[in-house]
Amino acid sequence: MIRDYKVMTMKNVQSRRRQTTMPAGEFKARCLTIMDRVARDRVPLVITKRGRAVAKLVPADEEPRHLLGYMAGTI
């Protein structure tokens with residue numbers, strides 16, 4: 001039971017920031033799949049327990065690419 005919160009302002013639509021919520025029991029049952037989805041879609045997930053937020057899963061920051069050698073292995 002994942003709920004997507006719709007964003008109404010144009011500023012937020014442009015930044016594409018959404019947040020989803022999920023009960024802790026469902027998160028526990030599908031943890032690895034959910035972690036992959038958060039990493040892929042870059043959408044934070046709030047985990048709730050009895051309707052109250054207890055944790056937030058956010059995607060890890062991507063490492064910056066180094067200027068030298070960034071195209072190595074592409075040709």
Side-chain angles (χ1 to χ4, degrees):
M1 177 166 98
I2 300 174
R3 296 180 201 115
D4 289 324
Y5 290 121
K6 304 273 181 177
V7 179
M8 297 298 177
T9 65
M10 190 56 153
K11 178 181 177 184
N12 290 337
V13 170
Q14 290 173 349
S15 67
R16 301 175 115 190
R17 296 285 179 200
R18 321 187 290 270
Q19 182 172 297
T20 56
T21 62
M22 176 179 289
E26 186 177 344
F27 176 77
K28 182 179 175 184
R30 301 180 3 194
C31 179
L32 297 177
T33 305
I34 294 165
M35 288 174 26
D36 290 339
R37 193 182 74 204
V38 168
R40 182 189 68 229
D41 297 342
R42 316 276 312 151
V43 176
L45 173 72
V46 175
I47 302 162
T48 62
K49 198 170 188 179
R50 296 184 183 154
R52 298 181 73 188
V54 293
K56 186 173 189 179
L57 180 64
V58 295
D61 294 333
E62 294 178 0
E63 294 184 21
R65 299 180 85 177
H66 295 286
L67 183 59
L68 297 175
Y70 75 95
M71 292 189 69
T74 60
I75 298 178

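All of these numbers come straight from a predicted model, not from anything done at the bench.
- Arg42 places a side-chain N or O within donor-acceptor distance of the main-chain N or O of Ala60, the cut-off being under 3.5 Å.
- Leu45 CG to Ile34 CD1: the interatomic distance, rounded to the nearest 0.5 Å, is 6.5 Å.
- Neither Val46 nor Val38 shares a network with the other; the hydrophobic side chains, linked directly or stepwise wherever heavy atoms of I, L, V, M, F, W or Y lie under 4.5 Å apart, form separate groups for each.
- With hydrophobic clusters built from ILVMFWY side chains whose heavy atoms lie under 4.5 angstrom apart, Met35 shares a cluster with Met22.
- Between Thr48 atom OG1 and Glu26 atom CD the span is 9.5 Å, to the nearest 0.5 Å.
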